[in-house]
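Quick notes on the structure that follows.
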Amino acid sequence: MPELPEVETIRQDMLKKVKGKKICKVEVKNEKPIHIPAPSQFVKKLEGKVFRDIFRRGKYLIVQINSTENLIFHLRLTGRLIFSPRGERNPEYTRIIFNFEDKSRLFFTDIRGFADVYLISEREWGEIPSLQSIGPEPLDPDFTLNEFENLLKGKKGKIKLLLMDQSFIAGIGNIYSQEALFRARIHPERNSSQLKKEEIKSLYENLLSVLREAISYRGSSVDTYVNLQGEKGEFEPYLQVYGRKGKSCKRCANPIVKKKIGGRGTYFCSKCQK
DNA sequence: CAATCGTCCTGCGGGC
DNA sequence: TGCCCGCAGGACGATT
């Protein structure tokens, strides 16, 4: 499941591989992921256009097409963007193919079919409510400890769920919320309003460091994530709690427990995360 | 009104 | 061994 580090890795790869390329043909194999506009319009509007700059906002990948329009992807759980320099056959579960003038191609694939694609102008961002209401970027230089403290003021509920709330902070999902909490030694069910000042500082620092490290290792391939070249991320060996049910805690050797929190599998050490 | 539940979907793994 | 049930999850909409 692509979270901020995985989407950022794809963005960096796309800057190298597809930025500046002209689309000569768009093939829609499956219309389901295309929300806006109608698939026929989607194809028509993109053909002849150039992939300009490429941005990321939380888990959204935003390709600038011209001064007003943006091609926006949300990969959700199993969406993939795969680049092919030369006519290889379509990967499994291909839904959209972007054919470039130089014969290279970008495949948008998705197994489970939750991923979303939009072609909209910035003034239509309201059409994507979760993009409209998205919280601050954790790796933005403006996102200081003071900013994080202010953001937490008046917030209650389990800290893990708050970290995963995209309107609170952008790009954090089930894996990195757990890794950050483990590193900060904070129990995922702690009430956000009861965190001590030094715990907030530790959470802030560990959240940023785990995201930065994951980006430097090109993401984690839990589930089906691969980068633009179809390669797995290399951060998985460095995940300290995710998926480690019953195994001994890397810090205190106590067995890692798994519990559903907010309907999502959550791993933590009940001894050293308080 | 905030929290929880069901929904979408398909592959895979646990259990018998 | 092989099959089948149920789990996995991002975000939204319905429900309590």
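Residue numbers start from 1 in every chain, and the chains themselves are labelled A, B, ... in the order their sequence lines are given, proteins ahead of strands.
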Please determine, for the side chain of [X], which listed nucleotide ([options]) has the closest atom?
{"X": "A/Met1", "options": "C/dG10, C/dA8, C/dA11", "value": "C/dG10"}
{"X": "A/Tyr242", "options": "B/dT10, C/dG9, C/dC12", "value": "C/dG9"}
{"X": "A/His74", "options": "C/dA8, C/dG10, B/dT10", "value": "C/dG10"}

Between [N] ([atom2]) and [X] ([atom1]): distance, integer Å:
{"X": "A/Glu92", "N": "B/dG11", "atom1": "CD", "atom2": "P", "result": "8 Å"}
{"X": "A/Leu161", "N": "B/dC5", "atom1": "CG", "atom2": "C1'", "result": "14 Å"}
{"X": "A/Arg80", "N": "C/dG9", "atom1": "CZ", "atom2": "P", "result": "17 Å"}
{"X": "A/Tyr176", "N": "C/dG9", "atom1": "OH", "atom2": "C1'", "result": "15 Å"}
{"X": "A/Ile172", "N": "C/dA11", "atom1": "CD1", "atom2": "C1'", "result": "16 Å"}
{"X": "A/Asn174", "N": "C/dA11", "atom1": "CG", "atom2": "C1'", "result": "13 Å"}
{"X": "A/Leu77", "N": "B/dT10", "atom1": "CG", "atom2": "P", "result": "13 Å"}
{"X": "A/Asp116", "N": "C/dC12", "atom1": "CG", "atom2": "C1'", "result": "10 Å"}

Taking OP1 and OP2 of [N], is either one under 4.0 Å from a side-chain nitrogen or oxygen of [X]?
{"X": "A/Lys32", "N": "B/dT10", "answer": "no"}
{"X": "A/Ser130", "N": "C/dC12", "answer": "yes"}
{"X": "A/Gln166", "N": "C/dA11", "answer": "yes"}
{"X": "A/Tyr93", "N": "B/dC9", "answer": "no"}
{"X": "A/Lys260", "N": "C/dG9", "answer": "no"}

- Message: I'd like to know if A/Arg112 reaches the base of C/dA8 with its side chain, counting only an N/O donor and acceptor under 3.5 Å.
- Response: yes

- Task: Apply side-chain contact (heavy atoms from CB on, under 4.5 Å) to the pair A/Phe100 and A/Ile23, showing each step before the final yes or no.
- Result: CA-CA 4 Å; A/Phe100 298 109; A/Ile23 306 162; 3.9 Å; yes

- Mind checking A/Gly262 for me? I need base, sugar-phosphate or nothing, with any heavy atom below 4.0 Å counting as a touch. nothing

- Task: Using distance alone, with no hydrogens and no angle criterion, decide if A/Thr144 and A/Asn146 have a side-chain donor and acceptor under 3.5 Å apart.
- Result: no

- A/Tyr93 six-ring face occupied by A/Arg80 cation (under 6.0 Å, within 45°): no

- Message: Is the ring pair A/Phe143/A/Tyr204 parallel, tilted or perpendicular, if the boundaries are 30 and 60 degrees?
- Response: tilted

- Message: Can you confirm whether A/Lys21 is buried at NZ, in the sense that more than 12 heavy atoms of other residues, nucleotides or ligands lie under 6.0 Å from that atom?
- Response: yes

- Message: Need to verify one output field. Residue with the more 5' nearest nucleotide on DNA chain C, A/Leu131 or A/Thr78?
- Response: A/Thr78

- DNA chain B: A/Lys156 or A/Arg264, which has the more 5' nearest nucleotide? A/Lys156

- Ring stacking, A/Phe114 with base of B/dC8, under 5.5 Å and under 30°? yes

- Query: Roughly how far apart are A/Trp125 CH2 and A/Tyr60 OH, rounded to 0.5 Å?
  - Reply: 10.0 Å

